[in-house]
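Written below as structure tokens is the structure these notes are about.
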Protein chains: 2
Amino acid sequence: MTRGFETQEYRDRVARAQRAMSEADLGALLLTTEPEIRYFTGFLTRFWESPSRPWFLIVPESGAPVAVIPSIGAALMARTWIEDIRTWAAPHPVDDGVSLLAQTLHELAPGGRVGLPSGRETHLRMPLADFGRLQAMGIDFGDDAGIMARLRAVKSEAEITKIRRACAIAGRAFDRVGEVAGEGAALEEVFRGFQRLLLEEGADWVPYLAGGAGPLGYADVISPADATPLQRGDVLMLDTGAVWDGYFCDYDRNFAIGEASPRAEAAWGHLLDAVAAAEEVARPGARASDVWQAMAQIVGAGETAGRLGHGLGMQLTEGLSLTARDGAVLEEGMVITLEPGIETVEGLFIVHEENIVIRDGPPERLSPFASGSLPVIGA
Amino acid sequence: MTRGFETQEYRDRVARAQRAMSEADLGALLLTTEPEIRYFTGFLTRFWESPSRPWFLIVPESGAPVAVIPSIGAALMARTWIEDIRTWAAPHPVDDGVSLLAQTLHELAPGGRVGLPSGRETHLRMPLADFGRLQAMGIDFGDDAGIMARLRAVKSEAEITKIRRACAIAGRAFDRVGEVAGEGAALEEVFRGFQRLLLEEGADWVPYLAGGAGPLGYADVISPADATPLQRGDVLMLDTGAVWDGYFCDYDRNFAIGEASPRAEAAWGHLLDAVAAAEEVARPGARASDVWQAMAQIVGAGETAGRLGHGLGMQLTEGLSLTARDGAVLEEGMVITLEPGIETVEGLFIVHEENIVIRDGPPERLSPFASGSLPVIGA
């Protein structure tokens, strides 16, 4: 399968952004984070793990984007479709790209307002002190009118293909969990082993792995693993965000170690029912809260409980939240997770998750949906 | 080896911060990013991969830190030494923790200035729109007077122990690179295989892996791998940030595939000499620019070239930069990388990297220093 996208895909994204910018009266967008910059350029590197250097992309109201980046990134950016690449020797203790960025913004958006993603899930990836300097240099910043969030929420077929592949990779790794987990195995060894399986099955990398284990589930789903050994009767959950070519899957699987208790089986059955109910509701025009409602009434989730799913794509989680409070309207091409959780006893949960894409009609399953009874390993 | 730190380590960190806050006349620090919050709490999770929720920690001018976090993190935060944990049901489309945070800041720092890390390498991990709301609620924000950067730059022995272990894990994996790399192997398969080796040797996870290959080196050191097969005579470089218990190693190794060319060997010799020269200079009281100079004169780096090393710890790169421009003074307990690169022909480089900790006297080697001729694999 080919990596990257056709240049036309990037041109289409820029054109859509520019139409929205025109409506919002923005002279440019200024982007500073990994997914925002990758969305328009295809610039893909794990180097973002280093916080030392800021990176900037400017999408002007017409014409191609301009990259204002540390010189260490010039060679890789030159391999993308971006032609106007301006660099400085970063990190610089006094002027870390600020004057070059200001000059470029003045040139590309003279007198115009510069939109910054400023709403839910966003942040400005540059030092606040440097942002203050830019403002003092006369750049007129405002929010991006939600343009980036709206653009990224609906995936192209080429993007969906990558997510589908990431899901398939994880599916093959989940099929092999019995190789690395069983009675007596320390949870941290299981985590390491499962990451190895994901890589063997074709993941480029594994930015996210969480999980837990216990007879009736786990207290939370974000903790790192420790040396606790798995015990017969535990329910083990592994939840991964594995990546292929910059796109995530995000789903989990639960396994009973040796045997499944009737209470765990009962909870499992409710979780499958909840996902099935959500699938029935997840149609273009439905609201995120409708999909939440379909699951919540089966698993007994209250309105202030955690969300039961979310958008998915270039990031592990992005876009809408399946909560009682989120009125986002589903559109064709949105990729979301269905992630019902059920409390088995006070403070312990079992959580199940699948990935779908909204279609005209029933959603397409991207993860290989679980069915039947709770899988038992090491029996 | 024990995970985490004794509570006393966190208390000491808070006490040091509070002394500096008093000098800087700050009523509180507000922290929003993963390493900043982990530094004072020990809150360790890969869940930061999800951008959906902001997280806040307040260090008041006296007393223990207070966490203001999404409820999904309450169980894990309760396992740290932090006792005052305030939560909200996130993500919330209208008030995503802002009023709870404002109320807590008003309570903990009434009328006082709230310091935010604002200089090099920092960012504010919350939506700009929400930051504006906080300001409108009367919180007086200023910068943190560089307190976080100074505190984190010098590592405790307990921190150094973790970095040493991460380095040892990577060392064992580098010793096995011949198992996954050789003539004809696609670079992307080598990357996957090397990540597997790191996990097998005990890494908790592998947030960073970069590299390149070519007869006289590589055009950059941040590109992802592609399907290009290794050829006899290539120099393969693998550069990893592998993590154990939340602390990184960051060093690379170069390998000649089948045979090493005389020009590659010559470059390699200069790189070893450069690291040795840097080791002689890296003493308490020396400046980052002095260590840069020691390497630059051997590898022929110009003043505007990339840096030749950097600080290391909870992040892949943090703190000082070994450049001509960085006047940071080395102190005992600082962990840094020595990362000389040399241009072999126009646009191609070989880069070598080791990790050390500054001691009273010669630095301690944390990575198992390379020596001798360029290692050949698949001969």
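So that the names make sense, note that chain A is the first sequence line, chain B the second, and so on, each numbered from 1. Note: hydrogens, waters and symmetry copies are ignored here, and every other heavy atom, side chains too, is used. These numbers come from a predicted model, not from an experiment.
The parts of Thr122(B) that come within reach of chain A are both its backbone and its side chain, each placing non-hydrogen atoms under 4.5 angstrom from that chain. Both the backbone and the side chain of Tyr208(A) come within contact range of chain B, with heavy atoms under 4.5 Å apart. For a residue to count as touching a neighbouring chain, one of its non-hydrogen atoms must lie under 4.5 Å from one of that chain's; by this rule Glu188(B) touches chain A with the side chain only. For Ala203(B), the part sitting under 4.5 Å from any heavy atom of chain A is the backbone (N, CA, C, O) and nothing else. With a 4.5 angstrom heavy-atom cutoff, Glu200(B) touches chain A via backbone and side-chain atoms both. Both the backbone and the side chain of Arg325(A) come within contact range of chain B, with heavy atoms under 4.5 Å apart. Heavy atoms of Asp204(B) lying under 4.5 Å from chain A belong to its backbone as well as its side chain. Using a 4.5 Å cut-off between heavy atoms, Phe141(A) does not touch chain B at all. Of the two parts of His92(B), the backbone and the side chain both hold a non-hydrogen atom closer than 4.5 Å to a non-hydrogen atom of chain A. Interface residue Gln195(B): backbone and side-chain heavy atoms are both found under 4.5 Å from chain A. Of the atoms belonging to Leu198(A), not a single heavy atom falls under 4.5 Å from chain B. Using a 4.5 Å cut-off between heavy atoms, Leu209(B) touches chain A through backbone and side chain atoms alike.
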Tell me, with the steps shown, if Ile222(B) and Trp48(A) meet side chain to side chain contact (heavy atoms under 4.5 Å, CB included). CA-CA 9 Å; Ile222(B) 70 168; Trp48(A) 292 89; over 6 Å; no
Quick one: do Leu116(B) and Leu128(A) satisfy side chain to side chain contact (heavy atoms under 4.5 Å, CB included)? Show the steps, please. CA-CA 9 Å; Leu116(B) 288 168; Leu128(A) 271 185; 3.7 Å; yes
Carefully, step by step, assess Leu199(A) and Leu199(B) under the rule side chain to side chain contact (heavy atoms under 4.5 Å, CB included). CA-CA 10 Å; Leu199(A) 291 162; Leu199(B) 292 162; 3.8 Å; yes
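Each of Pro51(B), Pro35(B), Ala89(B) has some count of heavy-atom pairs under 4.5 Å with chain A, and the biggest count is that of Pro51(B). Ranked by heavy-atom pairs under 4.5 Å with chain A, the list Gly202(B), Gly241(B), Gly319(B), Gly132(B) is led by Gly202(B). Contact tally against chain B (heavy-atom pairs below 4.5 Å) for Leu316(A), Thr323(A), Leu76(A), Asp143(A): the top residue is Leu76(A). Contacts with chain B were tallied for Glu121(A), His123(A), Arg192(A), Arg3(A); Arg192(A) has the most, counting heavy-atom pairs under 4.5 Å. Ranked by heavy-atom pairs shorter than 4.5 Å toward chain B, the options Gly193(A), Ser223(A), Ser71(A), Pro117(A) are led by Ser223(A). Your options are Val94(A), Asp130(A), Asp326(A), and the one with the most heavy-atom pairs under 4.5 Å with chain B is Asp130(A). Chosen from Thr45(A), Asp250(A), Thr33(A), the residue pairing most often with chain B at heavy-atom distances under 4.5 Å is Thr45(A).
The shortest non-hydrogen separation linking Ser52(A) to Arg307(B) is OG-NH2, 3.0 Å. Shortest non-hydrogen contact noted between Pro224(B) and Leu44(A) is CD-O, 3.0 Å. Nearest heavy-atom pair, Ala219(A) versus Ala75(B), reported as atom, atom and distance to 0.1 Å: O-CB, 4.3 Å. Heavy atoms only, all atoms of each residue included: Pro127(B) and Ser118(A) are closest at CB-O, 3.2 Å. Listed here is the closest heavy atom pair of Val221(B) and Ile72(A): CG2-CD1, 4.5 Å. Nearest heavy-atom pair across Pro93(A) and Arg120(B) is O-NH1, 3.6 Å.
Using a 4.5 Å heavy-atom cutoff, the side chains of Asp220(B) and Arg79(A) are in contact.
Between the side chain of Arg46(A) and the backbone N or O of Pro207(B), at least one donor-acceptor pair lies under 3.5 Å. Side-chain atoms of Ser50(A) never come within 3.5 Å of backbone atoms of Thr317(B) as a donor-acceptor pair (strictly under, hydrogens ignored).
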